[in-house]
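The structure appears below as structure tokens.
All values below come from the heavy atoms of this structure, side chains included, with hydrogens, waters and symmetry mates left out.
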Amino acid sequence: MVEYLKYNKEKLPIKVGFYALKHFQKETGKNMADLDGDLTFEDIECLFYHSYVNGCKAAEGFTVKYGRDDMETLLDDLYMDFIQVMPKFFATKKK
């Protein structure tokens with residue numbers, strides 16, 4: 001599953017999946033269980049970046065256009081959108 005966030009007049013693919021979580025853990029030392037706790041702005045920035053890269057890999061026709069240093073600027077506009085879309089990737093299935 002890929003979600004798209006609108007930034008200026010373009011769509012950014014976001015996928016909070018194995019790739020993003022693995023790199024988030026490698027960079028921050030935190031694991032999936034920590035996502036329920038208090039995340040710092042740096043944690044959100046890290047997860048956003050790796051979710052964006054993962055989204056570009058998963059969505060057809062997208063390449064990584066923005067680098068790690070661009071994440072603060074993107075999150076100025078997309079922070080709340082990202083926070084709202086994150087739970088979709090962790091939805092629990094009812095039996």
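Under the ring-ring contact (aromatic ring centres under 6.0 Å, His included) criterion, Y52 pairs with no residue at all, not counting sequence neighbours. Taking the side-chain hydrogen bond (donor to acceptor under 3.5 Å, both in side chains) definition, one finds that D43 meets it with K30, T40, sequence neighbours left out.
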Side-chain donor-acceptor distances from residues 2-26 under 3.5 Å, at least two apart:
unit_1	atom_1	unit_2	atom_2	d
E10	OE2	Y66	OH	2.4

Could you pull out all donor-acceptor pairs under 3.5 Å where a side-chain atom in residues 69-79 meets a protein atom, sequence neighbours excluded?
unit_1	atom_1	unit_2	atom_2	d
D70	OD2	G67	N	2.8

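In this structure, the side chains of C56 and T63 stay at 4.5 Å or more apart for every pair of heavy atoms. Side-chain atoms of R68 and E27, non-hydrogen and from C-beta on, do get closer than 4.5 Å to each other.
Going from atom OG of S51 over to atom CZ of F89 covers 7.0 Å, rounded to the nearest 0.5 Å.
F62 and F48 end up in different hydrophobic clusters when Ile, Leu, Val, Met, Phe, Trp and Tyr side chains are linked at under 4.5 Å.
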